[in-house]
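Report on one structure; see the data block that follows.
Predicted model only: the values in this text are computed from it and were never measured. For ligands, and for the atoms within them, numbers begin at 1 and follow the listed sequence.
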Amino acid sequence: MKKIYSNIYSFNKKTLKKTVKSLNLGNIASLPTETVYGLAGNAYSKTAVKKIFKLKKRPSKNPLIIHYLNLNNIKKDVILNKYFLKLYKRFSPGPITYVLKKNKSSKIKSIATANLSTIAIRFPSHRVIRTILRHTNFPVAMPSANLSTSLSPIKAQDVFDEFKNKINIIVDGGQSKFGIESTVIDLTGKPKILRPGIISSNEIKKCLNIHLSKKKSTIRSPGMLKKHYSPGIPVIIGKKPTSINHAYIIYGKKFNNKPNYFNLSKKANLKEAAANLYKIMRKIKNSGYKKIFVVKLPNSGPGIAINDRLKRASK
Ligand code: TXA
Ligand code: MG
């Protein structure tokens, strides 16, 4: 049978070897994680990091998250603290990113972290990225595998649609379980959420037994850019569509089935809604709809993360 996507690989020993070799050479591969797919490169290699920024068309002032297997290899790169250790024990590996102070001995290339004195680190739980991290002797810088400001990919095909053959290896790890980017928490001072995610501020508060900071952050983050996560067509929140040429994103079971209605979760489950968000937005865009209307969603738990993405998509 003719192979259409010559750069999408299913995960096996051969793919592992090929991917590790490619990363060792300073090349970029797209890898699956439990949140979204990423563009991975050796965080200790300037060449590799530069390639990531170029591919994504990402502004150089927007820092990347550095991905590690476990605690063993981070001490040279960041300064640990008690909040981090508590959260790590409770939530990692998993969909949470910690911003910590950079260690002077760190080998992380400063362009990866936009010359900041901090580094964002994450310990992904997806089997594929963990296996790859086990076979490399460097951490992996990895932003979401989409062009700057557009929707994050949650399957190999999404990455291909965005970059075609500009990436040599896209490892297929199935659909990302959570479907939305990790929670980013700044732990360099009083803990503060920089980007809401599946792990909610309430869960974090409970774990640390403190209140989180609500102060406006001075740190520039692309996740903080007002326009982001854009499907490329207008998104209108809290209104109903007036035409069948407009898609309507709904939630819960009180809606009838209509061809232009897309339900994030019939069961009204916010976790399921988050996992479906980008998938549904892509589907709507690819079906040729010119506008997206969205119902108002509950603003609690994962709903906070969904509303954050929708709000930015609507800018
Ligand atoms: O779930 C995720 O986190 C995915 C997967 C691939 O791991 N990655 C991801 O990366 O979403 P990216 O680059 O699309 O978003 C990284 C976010 C941005 O908002 C960035 O500004 C913030 O993390 N960030 C990175 N380093 C930071 C730092 N030192 N201080 C503050 N924010 C930082
Ligand atoms: Mg991103």
Side-chain angles (χ1 to χ4, degrees), residues 28-41 43 49 52-53 55-68 77-79 91-103 106 108-126 128-130 132-133 139-155 158-159 162 171 173 176-189 191-199 217-230 274-275 278 305 308-309 312-313:
I28 305 310
S30 178
L31 306 180
T33 86
E34 71 280 15
T35 56
V36 300
Y37 275 64
L39 284 183
V49 173
I52 296 176
F53 276 92
L55 257 173
K56 259 187 87 82
K57 300 201 170 97
R58 175 148 169 150
S60 60
K61 60 171 184 282
N62 292 332
L64 307 178
I65 296 174
I66 313 300
H67 296 68
Y68 296 82
D77 292 329
V78 289
I79 298 166
F91 298 113
S92 292
I96 181 163
T97 296
Y98 313 99
V99 175
L100 294 171
K101 286 190 179 135
K102 188 173 176 172
N103 199 330
S106 170
I108 302 293
K109 289 297 163 198
S110 52
I111 52 161
T113 53
N115 287 313
L116 294 171
S117 56
T118 59
I119 303 184
I121 63 170
R122 178 161 115 74
F123 308 85
S125 63
H126 195 290
V128 169
I129 171 80
R130 286 184 66 76
I132 288 164
L133 285 171
V140 153
M142 186 162 63
S144 52
N146 52 281
L147 290 167
S148 200
T149 78
S150 68
L151 293 178
S152 295
I154 57 163
K155 48 186 173 58
D158 297 343
V159 180
E162 191 94 333
V171 181
S176 296
K177 179 177 166 198
F178 295 112
I180 200 164
E181 304 81 357
S182 63
T183 304
V184 179
I185 181 156
D186 182 1
L187 298 174
T188 59
K192 181 186 158 51
I193 304 268
L194 299 180
R195 179 175 70 184
I198 291 298
I199 295 176
S217 173
T218 49
I219 301 168
R220 294 278 308 151
S221 307
M224 304 277 131
L225 283 184
K226 283 208 173 107
K227 186 183 159 69
H228 206 66
Y229 311 110
S230 164
Y278 292 152
D308 167 76
R309 306 308 190 272
R312 291 176 205 280

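When only modelled atom types and interatomic distance are considered, Asp158 and Tyr278 share no side-chain donor-acceptor pair under 3.5 Å. Thr35 and Arg122 share a donor-acceptor pair across their side chains, judged by distance under 3.5 Å alone. Under 3.5 Å, the side chains of Ser144 and Glu181 contain no donor-acceptor pair of N or O atoms.
Proximity of Thr118 to ligand 1, defined as any heavy-atom pair under 4.0 Å, is shared by backbone and side chain alike. Within the 4.0 Å heavy-atom criterion, neither part of Asp186 lies near ligand 1.
Close contacts between ligand 1 and Met142 involve ligand atoms 6 (C), 8 (N), 10 (O) [criterion: under 4.0 Å to a heavy atom]. The ligand atoms of ligand 1 that sit less than 4.0 angstrom from a heavy atom of Arg58 are 12 (P), 13 (O), 14 (O). Near Ala120, meaning under 4.0 Å from any of its heavy atoms, are these atoms of ligand 1: 25 (C), 26 (N), 27 (C), 29 (N). Shown in contact with Glu181 at under 4.0 Å from a heavy atom are these atoms of ligand 1, numbered in order with element: 1 (O), 11 (O). Distances below 4.0 Å separate heavy atoms of Ser144 from the following atoms of ligand 1: 8 (N), 9 (C), 10 (O), 12 (P), 14 (O). When each atom of ligand 1 is checked for a heavy atom of Thr35 under 4.0 Å away, the hits are 1 (O), 2 (C), 4 (C), 5 (C). Against a heavy-atom cut-off of under 4.0 Å, Val99 is close to the following atoms of ligand 1: 30 (N), 31 (C). Interface of Ile65 with ligand 1, defined as ligand atoms under 4.0 Å from a residue heavy atom, comprises 3 (O), 9 (C), 10 (O), 16 (C), 23 (O).
The closest heavy-atom contact to atom 10 (O) of ligand 1, among the options Pro63, Gly197, Ala145, Pro143, comes from Pro143. Of the candidates Pro153, Ala112, Ser182, it is Ser182 that places a heavy atom closest to atom 3 (O) of ligand 1.
Remark: side-chain polar atoms of Glu162 are paired, donor with acceptor, to backbone N or O of Leu147 under 3.5 angstrom. With hydrogens and angles ignored, the 3.5 Å screen pairs a side-chain donor or acceptor of Thr183 with a backbone N or O of Gly197.
At least one N, O or S atom of Ser144, from either the backbone or the side chain, sits less than 2.8 Å from the Mg ion (ligand 2).
Using a 4.0 Å heavy-atom cutoff, Thr113 is absent from the residues neighbouring ligand 1.
Considering only heavy atoms from C-beta on, Ser182 stays 4.5 Å or farther from Glu34 through its side chain. The side-chain heavy atoms of Ser60 and Ile111, taken from C-beta on, include no pair separated by under 4.5 Å.
Taking the six-membered ring where tryptophan is involved, the planes of Tyr98 and Phe123 are tilted, since the angle between them lies from 30° to 60°.
Partner of Pro143 under the side-chain contact (heavy atoms from CB on, under 4.5 Å) criterion, out of Val36, Ile65, Ile52: Ile52 alone.
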